[in-house]
Undergrad: 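Here it is, the structure in full.
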Amino acid sequence: QVQLVESGGGLVQAGDSLRLSCAASGGTFSRSSMGWFRQRPGKEREFVAEISWSGTSTYYADSVKGRFTISRDDAKNTVYLQMNSLKPEDTAVYYCAADRRGLGVITTPPRLADFGPWGKGTQVTVSS
């Protein structure tokens, strides 16, 4: 089973950028589609972005489209989330997870129940 560790979060100002990393070990990372999710204060965990096993397909939540970019480096067993033009409403704990179904491709809409196990997350705080 794959284990995931997120990193790269921090406190930034609105308009700044951050790059999150998700390092995977064990499991079949290179054959899994991978997703980023976030949980804002007082809210349920929500989908942010997904990338297929090949890296050729991506899918984004409307709220981050055009600002965030998901990518993967299978040689490093790592998935990234480049976040630009950050807004205070992007403040959340960000998590990555593998699509547990092992399909490798993106299915829409992404369902939280199809992803897991989860890392511990990394906190992103955007001040106005």
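Only a predicted model underlies this, so the values are computations on that prediction, with no experimental measurement involved.
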Undergrad: Identify the residue among Tyr59, Trp36, Phe68 that makes a ring-ring contact (aromatic ring centres under 6.0 Å, His included) with Phe47.
TA: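 Filter result, single survivor: Tyr59.
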Undergrad: Indicate the atoms forming the closest heavy-atom contact of Ala24 with Val2, along with that distance.
TA: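 Looks like CB-CG2, 3.7 Å.
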Undergrad: Provide the full list of disulfide (SG to SG under 2.5 Å) pairs with a residue in residues 74-128, sequence neighbours left out, each pair given once.
TA: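 Checked against disulfide (SG to SG under 2.5 Å) - neighbours excluded - the pairs reaching residues 74-128 are Cys22-Cys96.
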Undergrad: Any side-chain to backbone donor/acceptor pair from Ser54 onto Thr56? Under 3.5 Å, distance only.
TA: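 At least one qualifying donor-acceptor pair exists.
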Undergrad: With rounding to the nearest 0.5 Å, note down the distance linking CD in Glu50 to OH in Tyr60.
TA: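 It is 11.0 Å, given to the nearest 0.5 Å.
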Undergrad: Short question: side chain of Thr91, backbone of Val126 - any donor-acceptor pair under 3.5 Å?
TA: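 At least one qualifying donor-acceptor pair exists.
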Undergrad: Does atom CZ (Arg101) have a neighbourhood of more than 12 heavy atoms from anything else shown, all under 6.0 Å?
TA: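 Yes - once you tally the heavy atoms of other residues, nucleotides and ligands closer than 6.0 Å, there are more than 12.
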Undergrad: Give me the atom names and distance for the closest heavy-atom approach of Arg40 to Ala92.
TA: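 Of all heavy-atom pairs spanning Arg40 and Ala92, the closest is CG-CB, 3.6 Å.
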Undergrad: Mind checking the OG-CD1 spacing from Ser52 to Ile106? Nearest 0.5 Å is all I need.
TA: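 Ser52 atom OG to Ile106 atom CD1 measures 5.0 Å (nearest 0.5 Å).
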Undergrad: Provide the closest heavy-atom pair for Pro88 versus Ala14 in the form atom of the first, atom of the second, distance.
TA: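 The pair with the smallest heavy-atom distance is CD-CB, 4.1 Å.
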Undergrad: Please find the pair of heavy atoms, one from Tyr94 and one from Met83, that lie closest to each other, and give the distance.
TA: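 Heavy atoms of Tyr94 and Met83 come nearest at CE2-SD, 3.9 Å.
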Undergrad: Starting at OH of Tyr80, measure out to CD1 of Ile70 and round the result to the nearest 0.5 Å.
TA: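 It is 12.5 Å, given to the nearest 0.5 Å.
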Undergrad: Cluster question for you: counting only ILVMFWY and a side-chain heavy-atom cut-off of under 4.5 Å, with indirect links fine, are Leu4 and Leu81 together?
TA: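 Same hydrophobic cluster.
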Undergrad: With distance as the sole criterion, is a donor-acceptor pair present between the side chains of Ser32 and Arg100 under 3.5 Å?
TA: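 Not at all, the side chains of Ser32 and Arg100 share no donor-acceptor pair under 3.5 Å.
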Undergrad: Report the distance from atom CG of Leu112 to atom CZ of Arg45, rounding to the nearest 0.5 Å.
TA: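 Leu112 CG to Arg45 CZ: 6.5 Å, rounded to 0.5 Å.
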Undergrad: Does the side chain of Gln123 pick up a donor-acceptor pair with the side chain of Thr125 at under 3.5 Å?
TA: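 Short answer, yes.
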Undergrad: Trp53 ring centre to Arg72 NZ or CZ under 6.0 Å, with the angle to the axis within 45°?
TA: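 Arg72 over Trp53 ring: no.
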Undergrad: Nearest 0.5 angstrom please: Ser7 OG to Leu20 CG, how far?
TA: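 CG of Leu20 is found 8.0 Å from OG of Ser7.
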Undergrad: Any salt bridge between Arg38 and Asp90, counting N to O under 4.0 Å?
TA: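 Salt bridge between Arg38 and Asp90, a charged N being under 4.0 Å from a carboxylate O: yes.
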Undergrad: With no hydrogens and no angle check, just 3.5 Å: does a side-chain donor-acceptor pair link Thr78 and Asp73?
TA: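 Not at all, the side chains of Thr78 and Asp73 share no donor-acceptor pair under 3.5 Å.
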Undergrad: Using every non-hydrogen atom in the two residues, find where Leu18 and Gly8 come nearest and quote the distance to one decimal.
TA: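 Heavy-atom minimum between the residues: CD2-O, 3.7 Å.
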Undergrad: Would you say Glu6's side chain and Lys120's backbone share a donor-acceptor pair under 3.5 angstrom?
TA: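 Such a contact is found between Glu6 side chain and Lys120 backbone.
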Undergrad: Between CG of Asp99 and CZ of Arg111, what distance do you get to the nearest 0.5 Å?
TA: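 Separation between the atoms: 9.5 Å.
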Undergrad: Begin with the C-alpha distance, continue with both residues' side-chain angles, and end with the deciding distance and a verdict on side-chain contact (heavy atoms from CB on, under 4.5 Å) for Lys76 and Asp74.
TA: CA-CA 5 Å; Lys76 297 181 178 179; Asp74 288 347; over 6 Å; no
Undergrad: Please determine whether side-chain contact (heavy atoms from CB on, under 4.5 Å) holds for the pair Phe37 and Trp118, giving the CA-CA distance in whole Å, both sets of side-chain angles, and the decisive distance to 0.1 Å.
TA: CA-CA 10 Å; Phe37 295 76; Trp118 298 90; 3.5 Å; yes
Undergrad: Flag yes if Val64 and Val12 sit in one hydrophobic cluster, no otherwise; membership is Ile, Leu, Val, Met, Phe, Trp, Tyr, and two members link when side-chain heavy atoms are under 4.5 Å apart.
TA: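 Yes: a chain of side-chain contacts under 4.5 Å links Val64 to Val12.
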